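As the structure is a computational prediction, the values presented were derived from the model and not from experiment.
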Amino acid sequence: KHRMQGENVLYPIGWDAFGLPTENYAIKTGKQPKLVTKQNTDNFRKQLKSLGLSFDWSREINTTDPRYFKWTQWIFLKMYEKGLAYKSKSVINWCPKDKIGLANEEVVNGRCDRCGEVVEKREKEQWMLAITKYADRLYDDLDTVDYLERIKIQQRNWIGRSEGAELEFAIKGSKEKIKVFTTRPDTLFGVTYVVLAPEHELVSKLKPRNEKEVRAYVVAARKKNDIERTDANKEKTGVKLDGVFAINPVNREEVPVFVADYVLADYGTGAVMAVPAHDERDFDFAEKYKLPIKHVIDPLFIKRLGSDGIRNNEPLIERDAVVCVVKHWKNDAYLCLKWKKNDWQGFVVGGREENENTAKSGAREIHEETGYKNVRFIRKITNVHSQFYHEIKKQNRFAHFEVLYFELVDGNRDSISPEEVALHEVVWEEKNNVEKLVEHDEDMKYIWKYFLDHIPYTDEGILTNSEKFSGKISIEVKKSITEFAGGKWVTKYKLRDWIFSRQRYWGEPIPMIHCQKCGWVPVPERDLPVELPVVKKYQPTDTGESPLSAVSKWVNVKCPKCRGLAHRETDTMPNWAGSSWYYLRYIDPKNKKAMADRKKLDYWAPVDWYNGGMEHTTLHLLYSRFWHKFLFDIGAVNTNEPYKKRTSHGLVLAEGGEKMSKSRGTVVNPDELVKTYGADSLRLYEMFIGPFDQAVSWDSRGLIGPRRFIERVWALGAKVSVDKELKLGRESESLLQKTIQKVSGDIENMSFNTAISSLMILSNAFEKETKIPMADFEIFLKLLAPFAPHVAEELWRDLGNEKSIHVSDWPIIDESKIAEESITIVVQINGKVRASFKTAKGIAKETLEKTAFNLSDVKKWIGDKKPEKVIVVPDKLVSIVIK
RNA sequence: GCUGGAGUGAUGAAAUUGGCAAACAUACUCGACUCAAAAUCGAGCGCCGCAAGGCUUGCGGGUUCAAGUCCCGCCUCCAGCACCA
């Protein structure tokens with residue numbers, strides 16, 4: 001459509017053919033990967049062409065072509081030059097089945113993203129790309145692009161930025177310090193122990209008295225794979241470092257130090273301060289090892305919604321209050337109140353008078369509200385703060401509750417005042433039923449759970465037991481406590497540097513040479529590309545060495561610097577390398593002097609609209625954004641982001657609703673469908689089957705509809721008249737104009753299914769005409785052209801046109817031809833449609849109302865009743881309310 | 001568990017700002033054409049009811065003259081994240 005509107009549209013296609021699928025297939029069939037790639041791309045090309053997809057084939061690229069990957073290698077060298085590519089020994093994820101090292105991004109829940117095998121840990125020298133240096137930009141610049149929200153969310157999740165404090169815990173009797181990262185420095189007074197990850201360097205330095213036991217634990221932890229390590233449901237384990245104590249920077253308290261594998265070595269600082277009262281993981285661990293739990297945050301519940309939600313413009317009135325949990329004198333039951341006015345239910349609650357002892361005020365409230373006289377105060381449970389709107393007093397409340405536990409001595413009871421009786425009903429609730437009773441009130445629910453069992457409270461609240469910070473709201477003191485503790489406010493990421501080495505044959509060779517004298521030396525630019533040698537054996541090895549290392553002729557080279565003996569890097573790049581910049585090569589695919597001509601890049605880049613599958617919205621998208629930003633920094637491109645807009649189509653699923661799979665034979669072969677139904681039918685069906693962004697189940701029987709439509713359109717061709725005087729009837733003319741509007745808009749919104757439906761409606765209308773003026777039929781064909789290019793083109797030529805319909809002009813609406821039409825006004829009586837009448841557009845409200853009341857159907861329904869209210873919406877309806 | 005998104009006939013699905021729910025298509029039923037079948041054409045097609053009419057967008061409430069659409073609570077499914085301190 002945009003092309004027909006005269007715009008310059010670059011619609012390219014290419015093949016990203018390096019990587020495991022090709023290589024594994026080649027190994028299986030005993031063919032050369034290069035040959036396999038050619039066969040596959042030839043077949044796909046043929047199929048794509050048969051569907052009439054209007055790709056610009058002159059710009060076709062292939063990432064495995066040395067003329068292409070010369071520039072992939074060039075970009076790598078630039079990154080090396082800028083210090084973004086480095087080789088380092090690190091623990092990597094090794095897939096024993098694919099025999100390949102994986103990037104963190106390629107490991108999903110501890111399994112290989114490709115084959116599902118459980119990954120192992122191996123230590124290896126790897127080329128790395130410092131993507132973490134771009135983490136902030138990759139995160140922040142998401143605000144500047146037009147991606148689907150869920151794509152942005154995925155990117156943000158992956159980068160995993162969080163802000164918090166870095167704090168130091170000194171070690172008693174040692175110069176060493178434990179650095180911890182926390183997002184909750186406000187809980188610092190509640191630290192009761194400190195935990196190190198098993199890989200933490202201090203574990204071996206600290207010399208605990210039980211060194212042997214500690215070492216055994218560390219060895220065992222290292223042996224576990226990621227699934228065993230990171231399952232959040234498994235029971236936590238750990239070992240105390242006997243005799244080692246960390247000093248809390250905020251109150252000099254000495255707390256024990258543990259090593260435990262629930263702490264991850266590669267996030268934050270690899271060590272955490274544990275606050276069991278306010279963190280679920282620490283809580284679980286503390287329960288298991290009987291460690292103290294120190295409560296330092298009292299919950300703060302703020303009601304924002306509903307009738308008791310705080311009113312924003314009114315002041316908060318602070319009140320001290322009590323909540324009383326009262327147990328029956330004999331049964332295991334608790335005293336509850338059901339309020340009559342607002343169906344609130346919970347425990348006895350009341351205000352505390354000034355200077356009144358809390359236990360006393362609790363007893364007083366129990367007596368006033370329930371009549372029970374003899375209560376025994378057992379203990380204070382906790383404090384809870386609550387902001388809500390007091391519906392009876394009509395004011396915003398900020399209540400500070402002390403939660404008290406009482407037991408009733410006996411059933412002696414005074415009568416309750418009539419006012420209290422009117423307010424609420426007093427009930428005894430069995431212990432097991434209390435939870436149900438309080439489930440709709442956050443505060444009461446928390447109080448009950450905390451009373452039964454000291455659960456961790458992990459949300460924001462008000463500090464307590466925290467010296468000078470007590471009484472403050474937790475979110476407001478995070479930075480000041482950090483400062484008080486001598487810590488720093490920092491940003492951390494989940495994102496790790498990108499492991500860029502693969503020990504396989506079918507990838508771009510990493511263009512580096514290692515010389516004994518000079519170390520790593522980049523291959524000079526003039527020697528690019530470093531091509532893959534043709535070899536007989538390219539099976540991966542179990543040792544983790546690339547199969548290339550056995551090709552001594554290729555490996556042994558002279559050092560570019562000193563001309564001494566040296567050897568090539570035998571690792572290859574991951575399959576994500578070539579796809580990280582291919583959209584730029586489309587702009588200038590045959591350029592021999594640069595990855596693309598700068599002027600052409602400035603004209604075309606960035607990509608205006610990138611549509612692709614959701615499977616590429618984390619990794620490929622993140623990597624290519626990273627590469628693009630790097631190219632921007634070295635001045636190779638002029639934009640900060642590669643893609644302006646990123647959308648995603650829904651998957652076409654197999655007939656059962658499952659993913660199409662070759663092994664289950666549920667894959668649909670387009671060749672056969674094109675043969676039986678035609679390419680246009682297939683195209684129409686795919687677009688008509690459902691919304692663009694939604695997954696749909698394939699149903700080959702559905703192809704019959706579009707096929708019939710095309711046959712009918714074809715038959716319409718016989719009705720076309722060249723008579724210039726001939727005009728369509730007013731109705732059809734108006735419909736034609738509306739269809740132009742609808743199809744144009746729907747294409748922009750990617751609502752192809754409704755665009756096709758409106759074309760069907762128009763064609764149905766044309767069928768009722770005896771003759772169709774040629775000009776009008778041409779408009780129809782143009783609207784049809786993007787969907788069914790072959791039929792549209794053929795009918796277009798039959799009308800005597802010589803140039804292709806696909807380079808003709810997109811139709812423009814003639815508003816004047818829609819305007820005069822008559823419309824239907826609906827008459828509703830008490831919300832139900834009872835009558836309707838036709839009239840012209842733009843009639844005055846009064847006239848519509850009068851017309852409506854004169855209708856016999858309306859008179860029938862109103863009878864002798866008097867209309868209470870009449871609402872008239874011009875051009876739409878008249879709504880009458882009667883009693 | 002957390003964060004998104006969805007839930008409408010037998011089926012795929014439509015429904016600009018709240019304004020006639022089910023457009024368009026498939027399947028199905030009946031009829032025409034035919035010796036017959038297919039194809040094609042015509043009619044019907046949410047549910048209950050002979051009809052008048054009533055009911056209907058996952059469930060329960062609410063706002064409104066009017067709710068698939070807005071608000072509150074729940075259920076189910078899909079996707080993403082998940083020991084990230």
Side-chain angles (χ1 to χ4, degrees), chain A residues 108-109 148-158 160-162 164-165 180-185 187 195 197 229-234 236 260-264 266-275 278-282 284-285 305-307 309 439-440 458 492-495 614 617-618 657 684-685 688-691 693-699 701-706 708-709 711-712 715 742 745 749 751 753-764 767 824-836 867-873 875-882:
Chain A
V108 176
N109 295 328
L148 286 181
E149 199 49 39
R150 57 184 170 145
I151 297 178
K152 288 192 185 184
I153 289 166
Q154 280 185 25
Q155 294 270 301
R156 288 199 193 101
N157 276 343
W158 200 263
R161 181 161 80 180
S162 62
V180 303
F181 173 69
T182 178
T183 54
R184 294 296 302 272
T187 63
V195 195
R229 267 296 275 278
T230 62
D231 179 9
N233 299 320
K234 71 150 203 229
K236 293 182 173 41
D261 69 0
Y262 79 92
V263 173
L264 306 173
D266 56 0
Y267 181 75
T269 59
V272 300
M273 59 179 225
V275 187
H278 306 291
D279 182 280
E280 275 172 37
R281 299 152 299 182
D282 298 341
D284 291 346
F285 192 80
L305 301 165
S307 55
E439 73 184 352
H440 293 297
T458 58
K492 296 278 178 196
Y493 306 91
K494 282 200 270 182
L495 186 71
M614 280 307 280
T617 50
T618 36
L684 280 168
Y685 171 67
F688 188 62
I689 188 171
D693 56 352
Q694 210 171 291
V696 288
S697 295
W698 183 266
D699 183 359
R701 287 171 306 178
L703 271 156
I704 192 70
R708 283 183 195 148
F709 170 61
E711 279 169 13
R712 294 160 79 148
K742 178 86 179 136
N749 298 329
S751 305
N753 53 338
T754 50
I756 292 167
S757 128
S758 66
L759 286 168
M760 286 173 170
I761 294 170
L762 182 61
S763 124
N764 290 346
E767 272 182 345
T824 305
I825 302 287
V826 168
V827 185
Q828 293 184 345
I829 294 165
N830 286 349
K832 296 217 161 75
V833 180
R834 296 300 187 191
S836 67
E868 250 188 21
K869 196 172 177 185
V870 181
I871 292 136
V872 184
V873 182
D875 296 343
K876 284 265 156 78
L877 55 74
V878 178
S879 182
I880 302 164
V881 188
I882 53 170

Would you mind pulling out the nucleotide paired to B:C65, Watson-Crick or G-U wobble, both distances under 3.5 Å? B:G19
To the nearest Å, how far apart are A:Ile153 CD1 and B:G4 C1'? 5 Å
Identify whether any heavy atom of A:Ile761 sits under 4.0 Å from a base atom; if not, whether one sits that close to sugar-phosphate; answer base, sugar-phosphate or nothing. sugar-phosphate
Passing option when A:Lys869 is tested against A:Val881, A:Ile882, A:Ile880 for side chain to side chain contact (heavy atoms under 4.5 Å, CB included): A:Val881
Can a side chain N or O of A:Gln694 be found less than 4.0 Å away from OP1 or OP2 on B:C78? no
For B:U8, give the paired nucleotide (Watson-Crick: N1-N3 plus N6-O4 or O6-N4; G-U: N1-O2 and O6-N3; both under 3.5 Å), or none. none
Gap in Å between the two C1' atoms, one belonging to B:G18 and one to B:A67, rounded: 6 Å
Watson-Crick/G-U partner (both atom distances under 3.5 Å) of B:C30: B:G42
Is A:Asn764 near enough to B:A25 that one of its side-chain N or O atoms lies under 4.0 angstrom from OP1 or OP2? yes
I'd like to know if A:Gln828 reaches the base of B:G19 with its side chain such that a donor and an acceptor end up less than 3.5 angstrom apart. yes
Considering only side-chain heavy atoms of A:Lys832, which listed nucleotide, B:G54, B:A14, B:C65, is closest? B:G54
Taking only the C1' atom of each, what is the distance from B:C48 to B:G42 in whole angstrom? 29 Å
Could you check whether A:Leu264 gets within reach of a base, just the sugar-phosphate, or nothing at all, counting any heavy atom under 4.0 Å? base
Using heavy atoms to find the nearest nucleotide of RNA chain B for A:Gly690 and A:Val873 separately, return the residue whose nucleotide is more 5′. A:Gly690
Can you tell me which nucleotide in B:C55, B:G19, B:A85 comes closest to the side chain of A:Val263? B:A85
If B:G60 has a Watson-Crick or G-U wobble mate with both distances under 3.5 Å, name it; if not, just say none. B:C72
When the ring planes of A:Phe285 and A:Tyr262 are compared, do they come out parallel, tilted or perpendicular, using 30° and 60° as the limits? tilted
How would you label the contact of A:Asn753 with the nucleic acid (heavy atoms, under 4.0 Å): base, sugar-phosphate, or nothing? sugar-phosphate
Strictly by Watson-Crick or wobble contacts shorter than 3.5 Å, is anything paired with B:C47, and which nucleotide is it? B:G54
Whole Å only: how far is the CZ atom of A:Phe688 from the C1' atom of B:U11? 12 Å
Under a 3.5 Å cut-off for both distances, is B:A13 Watson-Crick or wobble paired, and to whom? none
Under 4.0 angstrom, heavy atoms only, what part of the nucleic acid is A:Arg834 near: base, sugar-phosphate, or nothing? sugar-phosphate
Under the criterion side chain to side chain contact (heavy atoms under 4.5 Å, CB included), I'd like the reasoning laid out for A:Tyr685 against A:Phe709: C-alpha separation, chi angles, the key distance, then a yes or no. CA-CA 11 Å; A:Tyr685 171 67; A:Phe709 170 61; over 6 Å; no
Given the P atoms of B:C72 and B:G4, what is the spacing between them in whole Å? 13 Å
To the nearest 0.5 angstrom, please state how far the CD atom of A:Gln828 sits from the CD1 atom of A:Ile871. 9.0 Å
To the nearest 0.5 angstrom, please state how far the CG atom of A:Leu148 sits from the CG atom of A:Asp693. 7.5 Å
Smallest separation among heavy atoms of A:Ala274 and A:Asp282, with atom names: CA-OD2, 3.2 Å
If the glycosidic angle is within 90 degrees of 0 it's syn, otherwise anti, so just tell me which one B:G18 is. anti
Gap in Å between the two C1' atoms, one belonging to B:A27 and one to B:G9, rounded: 12 Å
Should B:C83 form a Watson-Crick or G-U wobble pair with both distances under 3.5 Å, which nucleotide is its partner? none
What distance, rounded to whole Å, do you find between the two P atoms, one in B:C70 and one in B:A85? 34 Å
Rounded distance in Å - CG (A:Asn830) to P (B:C55): 12 Å
Integer angstrom distance from the P of B:G44 to that of B:U56: 26 Å
Look at the side chain of A:Pro691 and decide which nucleotide, out of B:C83, B:A13, B:A85, has an atom nearest to it. B:A13
Spacing of A:Lys742 atom NZ relative to B:A14 atom P, expressed in whole Å: 10 Å
Any side-chain N or O of A:Ser758 below 4.0 angstrom from OP1/OP2 of B:C24? no
Over how many whole Å does the gap from A:Asp875 atom CG to B:G19 atom P extend? 15 Å
Which value, in whole Å, describes the distance between the P atoms of nucleotides B:A52 and B:C78? 44 Å
Out of curiosity, A:Lys492 NZ to A:Thr183 OG1, how far, rounded to the nearest 0.5 Å? 12.5 Å
Atom CG of A:Asn157 and atom P of B:U3 are separated, to the nearest Å, by 12 Å
Going by modelled atom types, is there a donor-acceptor pair between the base of B:C83 and the side chain of A:Lys236 at under 3.5 Å? yes
Could you check how far CZ of A:Arg708 sits from C1' of B:A27, rounded to whole Å? 10 Å
Using the side-chain heavy atoms of A:Val881, tell me which of these nucleotides is nearest: B:C65, B:C24, B:G12. B:C65
Check whether any side-chain N or O of A:Tyr262 sits under 4.0 Å from OP1 or OP2 of B:A85, and answer yes or no. no
Nearest to the side chain of A:Lys494, heavy atoms from C-beta on, is which of B:A85, B:G19, B:C81? B:C81
To the nearest 0.5 Å, tell me how far A:Ile756 CD1 sits from A:Ile689 CD1. 11.0 Å
Assert: residue with more 5' nearest nucleotide on RNA chain B, out of A:Glu149 and A:Tyr267, is A:Glu149
When all nucleic acid strands are considered with a 4.0 Å heavy-atom cut-off, which category describes A:Ile704: base, sugar-phosphate, or nothing? sugar-phosphate
Roughly how far, to the nearest 0.5 Å, is the CG atom of A:Asn764 from the CZ atom of A:Arg712? 5.0 Å
Using the P atom in both, what is the distance from B:A21 to B:A66, to the nearest Å? 14 Å
At under 4.0 Å between heavy atoms, what does A:Ser879 touch on the DNA or RNA strands: base, sugar-phosphate, or nothing? base
Listed nucleotide nearest any side-chain atom of A:Arg712, set B:C20, B:C41, B:A82: B:C41
Output the rounded distance in Å from CE (A:Met760) to P (B:A13). 15 Å
Does A:Gly705 reach a base, just sugar-phosphate, or nothing at all? Heavy atoms under 4.0 Å. sugar-phosphate
